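Everything below concerns the one structure shown next.
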Amino acid sequence: MLGVLALAMVMVVFVTWQVLSARSDASADRELSHEAAKFRGFATTPDATALRTPEELLERWLQLNLPDDSEAFFTIVDGRPYRRGQGTPPARLDTDTAFIQRIAGATEPTYGWADSSAGKVRYGVLPVRVGDQPVRAQLVVIEFRDLIAQPSEDAARALAVVGAITLALAAVACWLITGRVLAPIRQLRSTAEQISESDLRRRIQVVGTDDVAQLARTFNTMLDRLEAAFLTQREFADNAGHELRTPITVIRGHLELMSDDPDDQEQTKALVLDELSRMNRMVDDLLVLAKSDRPDFLAPGEVNLTELVVEVVAKARPLAERQWRVDETADAVVIADGQRLTQALMQLVANAVRHTQAGDRIAVGSRLQNGQVLLWVADSGSGVPAADAERIFSRFVRGDDQVRAEGAGLGLSIVRSIAQAHGGEVRVAEQSAPGARFELTLPEVRG
Ligand SMILES: Nc1ncnc2c1ncn2[C@@H]1O[C@H](COP(=O)(O)OP(=O)(O)OP(=O)(O)O)[C@@H](O)[C@H]1O
Ligand SMILES: [Mg+2]
């Protein structure tokens with residue numbers, strides 16, 4: 001940016017210099033033509049024609065004409081410098097023998113450029129002829145071009161200096177401004193560098209309301225989410241490890257204490273198999289949960305809601321002696337993952353079985369309501385205390401009732417993951433009747 005400015009500045013100064021220099025050349029030329037015309041005019045006056053010799057004519061002219069500050073006149077007679085004009089010229093060319101030799105023989109008006117101690121000069125040699133005599137004298141007019149150019153050059157130089165100062169000030173201003181603008185970004189970068197998986201607590205200081213502050217705020221919110229995600233994951237891994245350790249300890253304890261008695265062996269075998277199947281189920285559940293964030297978690301297709309509900313009840317019936325019911329079902333086909341929905345309802349049904357007694361009622365149903373699909377499992381069991389209604393959906397969380405030891409507390413998290421993957425929710429519904437009622441709501445998507 002500054003480079004472009006500097007280049008532009010140099011070009012402006014260069015072009016100005018060139019233009020002014022060309023003008024100075026032209027003005028030296030103009031002065032010279034003017035003096036030549038004046039001399040020609042003088043030579044034809046009666047006063048001048050009366051004179052007999054070129055010496056007289058030239059002397060007369062020198063007397064009548066004063067050179068400007070940037071001019072000099074002198075005359076040459078018989079090839080040698082003769083008289084000089086009045087005043088002190090900026091540089092003496094009449095003493096430059098090489099120059100005199102070059103111009104002395106001119107019999108025709110001659111113009112040219114030469115160098116002097118006062119810089120470049122534009123000169124004109126005007127031969128003088130009196131009557132029919134051959135030419136033996138010349139008037140030399142010198143225009144000191146560099147002196148004429150002086151004011152223009154000064155102006156160009158001033159322009160260059162002012163330009164350079166402006167550029168320097170602009171550079172300083174740029175540096176200060178970019179420094180101020182970039183400071184928060186630099187801080188952002190260094191904080192981002194310091195943040196690692198092990199220390200996600202750092203945050204960027206947010207100052208002001210500009211775009212950079214907004215960026216910092218967005219960055220901080222992202223860190224909040226990341227930190228929460230890491231914490232949940234760590235907790236999840238801790239819990240999973242802890243939960244899996246229990247059956248392993250139980251199995252090891254029984255195997256170590258197993259005697260040679262065949263009855264005892266039979267008993268231990270049954271217990272070990274039972275614990276293993278519990279572990280197996282838990283690992284399966286953990287895998288489902290781990291997969292639930294992935295896009296291929298669901299395989300959507302057409303789901304007939306009536307078939308779904310009836311099949312779930314049919315599958316659940318052999319689980320336990322209960323009054324199994326289909327409350328009501330919606331006569332509709334929606335787009336969803338039928339297998340995952342069955343899995344969710346089976347988890348709810350398994351919970352209902354666990355929290356009811358023989359002869360209790362367990363009902364499953366579906367309904368279309370406000371553009372949503374409503375699925376439920378209701379039972380007439382012990383019910384869920386209001387205080388637990390939300391937290392039981394978290395992983396590894398179980399209620400405080402006597403049956404808590406049986407499960408790992410993963411069932412409802414799986415139900416929630418399935419509901420959320422469909423863009424829906426699951427909750428414990430409030431109801432007047434005793435028992436618990438779990439409701440799954442999904443957006444109604446028609447094929
Ligand atoms: N139908 C219900 N009636 C009363 N309480 C229930 C019912 N369903 C769930 N709960 C409570 O919610 C808790 C969490 O249920 P969740 O299904 O997540 O775990 P779990 O059944 O204990 O274990 P898992 O499902 O992993 O075998 C249960 O421990 C229980 O206290
Ligand atoms: Mg359960």
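When a ligand or atom number is given, it counts from 1 through the structure's own listing order. Basis for what follows: all heavy atoms, side chains included, without hydrogens, waters or symmetry-related copies. In this text, all values refer to a predicted model and were calculated from it rather than measured experimentally.
- Between A408 and ligand 1, an N or O atom pair is found at a separation short of 3.5 Å.
- The number of heavy atoms from other shown groups lying within 6.0 Å of CG (D261) is above 12.
- Between D379 and ligand 1, an N or O atom pair is found at a separation short of 3.5 Å.
- More than 12 heavy atoms of other shown residues, nucleotides or ligands fall within 6.0 angstrom of atom CH2 in W113.
- More than 12 heavy atoms of other residues, nucleotides or ligands shown are found within 6.0 angstrom of NZ on K38.
- The distance from ligand 1 to the heavy atoms of F438 drops below 4.0 Å at these ligand atoms: 1 (N), 2 (C), 7 (C), 8 (N), 9 (C).
- Here is the list of ligand 1 atoms found below 4.0 Å of a heavy atom in G383: 4 (C), 5 (N).
- Under the side-chain contact (heavy atoms from CB on, under 4.5 Å) criterion, Q369 pairs with R367, L374, sequence neighbours left out.
- The shortest N or O to N or O distance between L410 and ligand 1 is below 3.5 Å.
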Going through the distances and angles, do R395 and S417 end up as a side-chain hydrogen bond (donor to acceptor under 3.5 Å, both in side chains)?
-> CA-CA 11 Å; R395 294 165 182 187; S417 298; 4.6 Å; no
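- The shortest N or O to N or O distance between R398 and ligand 1 is not under 3.5 Å.
- Those atoms of ligand 1 with a heavy atom of A352 less than 4.0 angstrom away are 1 (N).
- When heavy-atom distances to ligand 1 are checked against a 4.0 Å cut-off, R354 comes that close only through its side chain, counted from C-beta outward.
- Residue E328 places its CD atom among more than 12 non-hydrogen atoms of other residues, nucleotides or ligands, all under 6.0 Å distant.
- Relative to atom 16 (P) of ligand 1, the option among L348, L286, L412 with the closest non-hydrogen atom is L412.
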Tabulate below the donor-acceptor pairs under 3.5 Å that side-chain atoms of residues 440-447 make, not counting sequence neighbours, or state none.
{"from": "E444", "atom 1": "OE2", "to": "R446", "atom 2": "NE", "distance (Å)": "2.6"}
{"from": "E444", "atom 1": "OE2", "to": "R446", "atom 2": "NH2", "distance (Å)": "3.1"}

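- With no hydrogens or angles considered, no side-chain donor-acceptor pair links R437 and S380 at under 3.5 Å.
- Polar contact with ligand 1: absent for S413 (N/O pair, distance under 3.5 Å).
- Considering backbone and side-chain atoms together, R281 places an N or O closer than 3.5 Å to an N or O of ligand 1.
- Using 4.0 Å as the threshold, G381 has no heavy atom nearer than that to any atom of ligand 1.
- Not a single donor-acceptor pair under 3.5 Å links the side chain of H242 to the backbone N or O of D238.
- When D285, V428, V353, I392 are ranked by how near their heavy atoms come to atom 12 (O) of ligand 1, first place goes to I392.
- At least one donor-acceptor pair closer than 3.5 Å links the side chain of T110 to the backbone N or O of E108.
- Checked options R217, R202, R203; the residue passing with D224 is R203 (criterion: salt bridge (Lys or Arg N to Asp or Glu O under 4.0 Å)).
- Selection from D388, V377, N351 by nearest heavy atom to atom 8 (N) of ligand 1 gives N351.
- D68 places no side-chain N or O within donor-acceptor distance of the main-chain N or O of S70, the cut-off being under 3.5 Å.
- Every residue two or more places apart in sequence or in another chain was checked for a ring-ring contact (aromatic ring centres under 6.0 Å, His included) with F438, and none qualifies.
- At a 3.5 angstrom cut-off on N or O pairs, A436 does not count as close to ligand 1.
- In terms of polar-atom proximity, V397 is not counted as a contact of ligand 1, lacking any N or O under 3.5 Å from an N or O of the ligand.
- Here the protein contributes N351 OD1 as N, O or S atoms under 2.8 Å from the Mg ion (ligand 2).
- Under a cut-off of 6.0 angstrom, the local environment of CD in Q339 is sparse, with at most 12 non-hydrogen atoms contributed by other residues, nucleotides or ligands.
- When only interatomic distances are considered, the shortest N/O to N/O separation between V384 and ligand 1 does not fall below 3.5 Å.
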